[in-house]
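Values in this document were obtained by computation on a predicted structure and should not be read as measured data.
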Amino acid sequence: MGSLPHYLSSSSSSSSDSKIDETTLLDLFKSQQSHLNFFFQNLSLPQTLAFTRTLLSSSGTIFFSGVGKSGFVANKISQTLVSLSIRSAFLSPVDALHGDIGILSSSDVVVLFSKSGNTDELLRLVPCVRAKGAYLISLTSIQGNALAAVCDMNVHLPLERELCPFDLAPVTSTAIQMVFGDTVAIALMAARNLTKEEYAANHPAGRIGKSLIFKVKDVMKKQEELPVCREGDLIMDQLVELTSKGCGCLLVIDEEYHLIGTFTDGDLRRTLKASGEGIFKLTVGEMCNRKPRTISPDAMAVDAMKKMEAPPSPVQFLPVIDNQNIVIGIVTLHGLVSAGL
């Protein structure tokens, strides 16, 4: 293996007062980058294409398996495929030999991650998978290994060496496995023409899912939560309504709940400054904004946020009205942010 670079020397970490500096970290990252470049430069595209097409044409479930760190990678790649609406699952090689193998069928594909290709648990799993009729693929980094010889397909993941000073800890090999698996997953995503909306539907709790799934009606306040008043109401009589509903505004409506305008706490301050004691005699209708921004309940919640932030000046809320200009709710910037948008 030859002499190691100074930053990989095992003796440098033997002292209790040894320290890591920026140069050491930079050298390590550059070395890892070099090892990854070796992988990219030597990966067989024909092998990778055959592997990707096999997964794409699978009519069953794509199972991933591995032991140790490779097992963690296998599990992660499986979860990536699931998030892309591709049927996939992780198959523990140990659990498979104790009953879980029953989940396999002849239409399934089983992908085995192993750096060495000589992992005992995976080699014991192979005949059991064959008995089920599933298609076997191994992803390995050592040439001429036992696993590649007994699978239907093998993809060689070129590994120059581990970043570990002893060339033992699986840090570069697992990085290669992860990069390979996730890149193939995105290739499958493109080949299956997965839309942004379909992807979002699989991530309803995430921000992208909420932005593409949540509508205004899902996040708006309604009914008794609405700060409503009539245009003939005195401003001073509506202060409790203005402040208690947490919207920072009043929705001015007529007897049939048609929206007439809005009156905000900012309007209150401006009116007080301009009118002084005269505010006691002013009605909401005299001072309200009769051309407020509004939005439909079926609009996307993310569009409501964009509308609030639009020129000429941002607003903190939008009245929600139906096609007959009847108020059915209010959506606030605070509510959108609280919803994770």
query: Can Phe280 be reached from Phe263 by stepping across I, L, V, M, F, W or Y side chains whose heavy atoms are under 4.5 Å apart?
result: yes
- prompt: Got a second to check how far Thr183's OG1 is from Met178's CE, nearest 0.5 Å?
  reply: 11.5 Å
statement: Tightest non-hydrogen contact, residues Pro170 and Lys69, listed as CG-CG, 3.5 Å
- prompt: Rounded to the nearest 0.5 Å, what separation is found between the CG atom of Leu36 and the CD atom of Gln41?
  reply: 10.5 Å
field: Basic-acidic side-chain contact under 4.0 Å: Lys281, Glu286
entry: no
field: Lys76 and Thr80: side chain donor to acceptor below 3.5 Å
entry: yes
message: Tell me whether Leu49 shares a hydrophobic cluster with Leu55, the cluster being built from Ile, Leu, Val, Met, Phe, Trp, Tyr side chains joined at under 4.5 Å.
response: no
query: Counting only N and O atoms by type, is there a donor-acceptor contact under 3.5 Å from the side chain of Lys245 to the main-chain atoms of Leu250?
result: no
- prompt: Do we see a donor-acceptor contact under 3.5 Å between the side chains of Thr264 and Asp267?
  reply: yes
query: Got more than 12 heavy atoms from elsewhere within 6.0 Å of CD, Glu224?
result: yes
- line: Heavy atoms of Gly117 and Leu123 approach each other most closely as O-CD2, 4.5 Å
field: Pair Ile62-Val111, side-chain contact (heavy atoms from CB on, under 4.5 Å): steps then yes or no
entry: CA-CA 7 Å; Ile62 303 170; Val111 181; 4.3 Å; yes
Gap between atom CZ of Phe63 and atom CD1 of Ile103 - 0.5 Å precision: 4.0 Å
- prompt: Heavy-atom count around Arg53 CZ within 6.0 Å, excluding the residue itself: above 12?
  reply: no
- prompt: Are the side chains of Thr54 and Asp152 in touch, meaning some heavy atoms are under 4.5 Å apart?
  reply: no
Atom CG of Leu239 with >12 non-hydrogen neighbours under 6.0 angstrom: yes
- prompt: Less than 4.5 Å apart, any side-chain heavy atom of Leu282 and any of Thr271?
  reply: yes
- prompt: Between Ser107 and Ser105, does any side-chain donor sit less than 3.5 Å from a side-chain acceptor?
  reply: yes
message: For a 4.5 angstrom cut-off between non-hydrogen side-chain atoms, does Val327 reach Val320?
response: no
Residue pair Ile326 / Leu259, side-chain heavy-atom distance below 4.5 Å: no
message: What I'd like to find out is whether the side chain of Phe317 reaches to under 4.5 Å of the side chain of Cys247, using heavy atoms alone.
response: no
message: If we count only N and O atoms by modelled type, under 3.5 Å, do the side chains of Gln32 and Thr172 hold a donor and an acceptor together?
response: yes
- prompt: Within the distance-only criterion (no hydrogens, no angle test), does the side chain of Ser65 pair as donor or acceptor with the backbone N or O of Leu91 below 3.5 angstrom?
  reply: yes
- prompt: Could you state the interatomic distance from CG (Leu318) to CE (Met220), rounded to the nearest 0.5 Å?
  reply: 12.5 Å
task: Kindly give the heavy-atom pair with the smallest separation between Arg192 and Ser85, and that separation in Å.
output: NH2-O, 3.1 Å
- prompt: Shortest non-hydrogen contact from Arg130 to Leu136?
  reply: CG-CD1, 3.9 Å
task: To the nearest 0.5 Å, tell me how far Leu157 CG sits from Gln47 CD.
output: 8.5 Å
- prompt: Cluster question for you: counting only ILVMFWY and a side-chain heavy-atom cut-off of under 4.5 Å, with indirect links fine, are Phe113 and Tyr135 together?
  reply: yes
field: Salt-bridge criterion met for Asp254 and Arg230 (N-O under 4.0 Å)
entry: no
message: I'd like to know if the side chain of Ser114 pairs up with that of Thr119 as donor and acceptor (distance under 3.5 Å, no hydrogens or angles considered).
response: yes
query: Donor-acceptor pair, Arg124 side chain versus Pro127 backbone, under 3.5 Å?
result: no
- prompt: Counting N and O atoms only, with roles assigned by atom type, does the side chain of Glu162 sit under 3.5 Å from a partner on the main chain of Val171, one being a donor and the other an acceptor?
  reply: yes
task: Test side-chain contact (heavy atoms from CB on, under 4.5 Å) on Asn118 and Leu147 and set out the steps.
output: CA-CA 6 Å; Asn118 295 309; Leu147 202 57; over 6 Å; no
message: If I compare all heavy atoms of Lys307 with all of Thr294, which pair ends up nearest, and what's the gap?
response: NZ-O, 2.5 Å
- request: Begin with the C-alpha distance, continue with both residues' side-chain angles, and end with the deciding distance and a verdict on side-chain contact (heavy atoms from CB on, under 4.5 Å) for Ile235 and Leu268.
  value: CA-CA 8 Å; Ile235 292 175; Leu268 174 64; 3.8 Å; yes
query: Side-chain heavy atoms under 4.5 angstrom apart, residues restricted to Ile, Leu, Val, Met, Phe, Trp, Tyr: same cluster for Val331 and Phe214?
result: yes
message: What I want to check is whether the side chains of Gln177 and Thr174 have a donor and an acceptor closer together than 3.5 Å.
response: no
- prompt: Quick one: does Asn145's side chain have a donor or acceptor within less than 3.5 Å of a partner on Ile142's backbone?
  reply: yes
task: Using only heavy-atom distances, determine whether the side chains of Asp27 and Thr24 contain a donor-acceptor pair under 3.5 Å.
output: no
message: For the CZ atom on Phe72, are there more than 12 heavy atoms of other groups (residues, nucleotides or ligands in this structure) within a distance under 6.0 Å?
response: no
Distance-only side-chain donor-acceptor flag, Asn154 / Thr140, under 3.5 Å: yes
- prompt: Between Asp108 and Thr61, is there a donor-acceptor pair closer than 3.5 Å when you use the side chain of the first and the backbone of the second?
  reply: yes
Minimal non-hydrogen separation, Glu231 against Arg290, with atom names: OE1-NH2, 2.9 Å
- prompt: Is a side-chain N or O of Asn75 found less than 3.5 angstrom from the main chain of Ser78, in a donor-acceptor match?
  reply: no
Single-linkage hydrophobic cluster Leu188~Val179, side-chain heavy atoms < 4.5 angstrom: yes
Backbone of His334 reached by a side-chain donor or acceptor of Ser338 within 3.5 Å: yes
- line: Distance col, row Gln238:CD vs Cys229:SG, nearest 0.5 angstrom, shows 5.0 Å
- prompt: For Leu159 and Ser173, what are the C-alpha separation, side-chain angles and deciding distance, and is it a side-chain contact (heavy atoms from CB on, under 4.5 Å)?
  reply: CA-CA 6 Å; Leu159 175 66; Ser173 57; 3.9 Å; yes
field: Validation row: Val155, Ser44 side chains within 4.5 angstrom (heavy atoms)
entry: no
- prompt: Any side-chain heavy-atom pair from Ile295 and Ile321 closer than 4.5 angstrom?
  reply: no
task: Verify whether the ring centers belonging to Phe180 and Phe51 lie closer than 6.0 Å.
output: yes
message: Side chains of Gln316 and Thr332 only: does a donor on one sit below 3.5 Å from an acceptor on the other?
response: no
Note, Asp265 side chain near Cys249 side chain (heavy atom, < 4.5 Å): no
